[in-house]
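Chain letters run A, B, ... following the sequence lines, proteins first, then strands; residues in each count from 1.
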Amino acid sequence: MLDIKRLREDTDTVIKRLELRGEDFSHLKDTLTQDELRRQIIQDVERLKKERNETSKLIGQYKREGKDTADIFKQIEDNKEEISSLEAQKNTLETSIRDTLLRTPNIPHKDIPVGKDDTQNKVLREVGDIPVFDFEPKAHWDLGTDLDILDFKRASKVAASRFTIYKGLGSRLERGLINFMLDMHVDEHGYHELMLPYIVNKESMTATGQLPKFEDDAFKLTDERELYLNPTAEVPGINMHRGEILDASELPKRYVAFTTAFRQEAGSAGRDTRGIIRQHQFNKVELIKFAKPENSYDELDKMLENSENILKALNLPYRVVEICSGDLGFSMAKTYDIEVYLPSYGTYREIGSISNAEDYQARRGNIKYRPSKDSKPEYLHTLNGSGLAVGRTVVAIMENYQQADGSIRVPEVLKGILRTDIIK
RNA sequence: GGAGGGGUACCCAAGGGGCUGAAGGGGCUGGCUUGGAAAGCUAGUAGUUCGCUAAAACGAAGCGGGAGUUCGAAUCUCCUCCCCUCCGCCA
């Protein structure tokens with residue numbers, strides 16, 4: 001959440017920075033007007049409450065002493081109505097201010113590229129060689145159907161479109177990748193493994209920024225408790241420490257979690273309708289960090305490196321892209337995307353996204369740390385990154401490792417897990 | 001799903017309308033004692049959020065969360081969440 005004090009003190013800069021996202025945020029000035037009024041009311045209310053508290057105490061005292069209290073009661077009557085009327089005004093203002101702030105995205109980091117959309121993202125580096133085929137390479141949906149390791153038709157019978165059934169070695173490839181990724185992050189990168197709930201509540205969705213603005217993207221359960229299917233492990237992962245004050249010595253906290261993610265994909269009708277690039281349900285290994293503000297950007301760079309290591313180990317060609325202001329996710333101050341090369345698209349497609357939310361989610365979720373024993377708690381920084389999207393990794397392997405006869409070679413590091421070196 | 005019992009500060013716990021922003025104990029910090037320590041004695045120990053501040057002082061809120069009754073609520077009423085015990089069901 002945007003810090004109202006920062007907005008108050010540095011209004012023009014904050015609005016200018018927010019507007020690099022390509023939206024108008026001038027309405028925040030009205031919010032500041034509301035905020036001013038709110039603070040005035042607080043002062044009035046508190047003055048009245050102080051009076052009331054003092055007078056009420058007198059009543060107790062008088063009664064104990066057997067004195068007459070009629071005069072004092074009169075005094076309180078007016079006071080009472082004024083307090084409740086002012087409090088009602090205050091609540092209205094606070095609700096409105098909070099709602100605006102919850103719908104205001106994070107301030108983009110000052111060094112990120114300025115741009116209006118994904119065409120202006122900045123490619124930082126390309127790693128690995130794009131495969132050259134001496135035959136016409138197939139898309140993964142054809143490879144998958146021909147090898148009978150992916151079944152789209154039956155999945156839509158069972159559920160709906162944008163679901164897939166993995167079969168045989170397809171299923172084992174997905175499972176093997178999950179294991180491989182988790183092990184690498186735990187054993188080599190020092191993350192602590194978690195298994196998280198697949199259902200999250202409204203408070204959690206709000207803290208990480210999915211709500212209130214992006215409710216349409218989530219699967220909401222028809223349960224009066226207002227629960228949602230996990231849209232990314234970032235939600236249960238970050239919210240694990242919601243409302244907590246962590247000790248400085250615990251930081252950075254590094255978690256890795258495999259979860260299945262569920263998304264409505266509202267607004268992407270007609271896009272990526274074939275194959276498993278864009279599904280309502282997909283598997284993801286997610287990296288999560290809670291870091292001190294002063295080194296969160298070092299932690300971000302390390303996290304990016306950790307994700308890249310997976311692609312390097314799988315020997316897949318990829319590039320790293322720095323997301324420009326106009327393409328930046330709602331809760332994030334800075335994001336790197338990792339894009340893997342896909343022959344069927346003839347270009348790179350996102351396979352992972354590594355971001356620093358700074359104190360934005362921490363503020364929404366009230367997650368703090370105590371810098372030293374005697375200091376006041378301060379908001380920490382939260383980071384999250386894919387490590388990686390498993391379904392899209394399967395796609396990348398299928399397409400990049402395919403052979404003329406329609407079979408797929410198994411990457412060296414997965415041969416043990418798959419117990420074969422070829423899928424045919 | 002049924003029947004009970006709970007949620008109070010770092011931890012345990014008392015308190016059931018005003019003298020309680022909260023007894024008592026543990027822990028922690030300091031002092032006395034000691035050659036040093038333990039023990040004992042003794043003092044201190046509500047963090048937090050908001051408002052006002054240059055900062056403090058000060059004020060308001062705060063006894064799981066929300067709403068209500070009242071001049072006044074940890075205490076009474078209602079709703080809700082979480083935890084525990086027993087029964088039923090179940091992977």
Side-chain angles (χ1 to χ4, degrees), chain A residues 1-10 31-102 195-207 211-212 221 223-228 236 239-250 260 359-380:
Chain A
M1 192 157 57
L2 195 62
D3 181 5
I4 187 99
K5 278 186 206 147
R6 186 167 167 196
L7 179 66
R8 210 185 282 154
E9 283 156 17
D10 207 4
T31 306
L32 281 179
T33 311
Q34 292 182 312
D35 176 54
E36 211 168 301
L37 185 56
R38 172 188 143 259
R39 279 150 59 213
Q40 184 55 53
I41 291 174
I42 285 176
Q43 287 181 52
D44 293 344
V45 162
E46 288 186 353
R47 200 193 67 242
L48 289 167
K49 279 191 178 173
K50 191 187 174 187
E51 280 173 33
R52 185 199 61 191
N53 289 348
E54 283 167 356
T55 321
S56 288
K57 257 188 191 143
L58 278 183
I59 293 177
Q61 200 183 312
Y62 279 25
K63 286 206 164 158
R64 254 173 283 128
E65 293 166 1
K67 287 189 195 165
D68 181 49
T69 53
D71 288 352
I72 309 185
F73 271 97
K74 243 183 246 163
Q75 210 178 324
I76 283 182
E77 271 313 306
D78 316 329
N79 197 315
K80 198 189 176 188
E81 261 175 48
E82 206 177 342
I83 289 177
S84 69
S85 135
L86 284 173
E87 291 229 288
Q89 280 182 59
K90 186 184 82 135
N91 286 341
T92 311
L93 284 168
E94 276 178 352
T95 307
S96 161
I97 292 167
R98 183 174 162 78
D99 187 66
T100 304
L101 292 180
L102 285 176
M195 272 204 187
L196 295 159
Y198 280 21
I199 290 176
V200 293
N201 60 33
K202 195 180 175 181
E203 290 71 27
S204 296
M205 291 285 277
T206 305
L211 293 180
L221 273 55
D223 185 300
E224 69 283 358
R225 285 178 294 186
E226 303 204 81
L227 299 169
Y228 297 81
N239 277 283
M240 225 170 72
H241 293 297
R242 174 153 49 82
E244 295 184 17
I245 299 169
L246 304 181
D247 200 85
S249 62
E250 301 175 77
T260 301
D359 68 0
Y360 185 83
Q361 293 177 324
R363 204 174 278 283
R364 292 169 79 108
N366 192 24
I367 312 172
K368 298 187 168 182
Y369 80 109
R370 204 177 292 280
S372 67
K373 201 170 166 292
D374 303 310
S375 52
K376 285 195 122 192
E378 284 172 21
Y379 291 112
L380 45 70

For B:G5 versus B:A9, give the span between their P atoms, rounded off to a whole number of Å.
22 Å
Please give the distance between the C1' atoms of B:G15 and B:A23 as a whole number of Å.
8 Å
Please work out if A:Lys368 contacts a base, only the sugar-phosphate, or nothing of the nucleic acid, heavy-atom cut-off 4.0 Å.
sugar-phosphate
For the P atoms, the ones on B:C10 and on B:G17, what distance do you get once it is rounded to whole angstrom?
27 Å
When the C1' atoms of B:G4 and B:G18 are considered, how many whole Å apart are they?
34 Å
Return the CD to CG distance between A:Glu94 and A:Asp35, rounded to the nearest 0.5 Å.
9.5 Å
Output one letter per nucleotide in nucleotides 52-61 of chain B: B when a protein non-hydrogen atom lies under 4.0 Å from the base, S when only the sugar-phosphate is that close, - when neither is.
S------BSS
Taken to the nearest whole Å, CD/A:Glu226 to P/B:C81 is 12 Å
Considering only atom P, compute the distance from B:C41 to B:A55 and round it to an integer number of Å.
45 Å
Which is it for B:G27, anti or syn, if anything within 90° of zero counts as syn?
anti
Between CG on residue A:Asp3 and OH on residue A:Tyr360, distance to nearest 0.5 Å
12.0 Å
Donor-acceptor check, side chain of A:Arg364 to backbone of A:Leu102, threshold 3.5 angstrom: yes or no?
yes
Would you say CD of A:Glu36 has more than 12 non-hydrogen atoms from neighbouring residues, nucleotides or ligands within 6.0 angstrom?
no
Here's a test of your reading of the structure: between A:Asn91 and A:Ile4, which maps to the more 5' nucleotide of RNA chain B?
A:Ile4
Kindly express the pairing pattern of RNA chain B in dot-bracket notation, using | wherever a base pairs with another strand and counting only Watson-Crick or G-U pairs under 3.5 Å.
((((((((.[[[..)..(.....]]]((((((.......))))))..((((......))))..[[[[[..)....]]]]])))))))....
Which whole-number value in Å describes the distance from A:Ile97 CD1 to B:C50 P?
13 Å
What integer number of Å spans the P atoms of B:U77 and B:U20?
24 Å
Mind checking the CZ-OG1 spacing from A:Arg98 to A:Thr206? Nearest 0.5 Å is all I need.
7.5 Å
Quick check: does any side chain N or O of A:Ser96 sit under 3.5 Å from a backbone N or O of A:Thr92, one acting as donor and the other as acceptor?
no
Let me know the distance between NZ of A:Lys202 and P of B:G65, rounded to the nearest Å.
19 Å
I need the CG-C1' distance between A:Asn366 and B:U49, as an integer number of Å.
9 Å
Under-4.0 Å side-chain N/O to phosphate OP1/OP2 contact, A:Arg38 with B:G51:
yes
For A:Lys90 and B:C50, what is the distance between atoms NZ and C1' respectively, to the nearest whole Å?
8 Å
Using heavy-atom distances to pick each residue's nearest nucleotide on RNA chain B, tell me which of A:Ser56 and A:Glu224 is more 5'.
A:Ser56
Interatomic distance, A:Asp247 CG vs B:G47 C1' [rounded to whole Å]:
15 Å
Could you state the interatomic distance from NZ (A:Lys202) to CG (A:Leu227), rounded to the nearest 0.5 Å?
11.5 Å
Nearest to side-chain heavy atoms of A:Lys57, which nucleotide of B:C19, B:U48, B:C81
B:C19
Rounded off to whole Å, could you give me the CE-to-P distance for the A:Met1 and B:U49 pair?
13 Å
Value in whole Å for how far the P atom of B:G51 lies from CD of A:Glu87:
15 Å
Short question: side chain of A:Thr55, backbone of A:Glu51 - any donor-acceptor pair under 3.5 Å?
yes
Rounded distance (nearest 0.5 Å) linking atom CZ of A:Arg8 with atom OG1 of A:Thr31:
12.0 Å
Other residues, nucleotides and ligands only: do more than 12 of their heavy atoms fall within 6.0 Å of CZ on A:Arg6?
no
Would you tell me whether A:Ser204 and A:Asn201 have side-chain atoms, one donor and one acceptor, within less than 3.5 Å of each other?
yes
Can you check the distance between B:U85 and B:C28, where both ends of the measurement are the P atom (answer in whole Å)?
30 Å
B:G65 and B:C81: how far apart are their C1' atoms, nearest whole angstrom?
7 Å
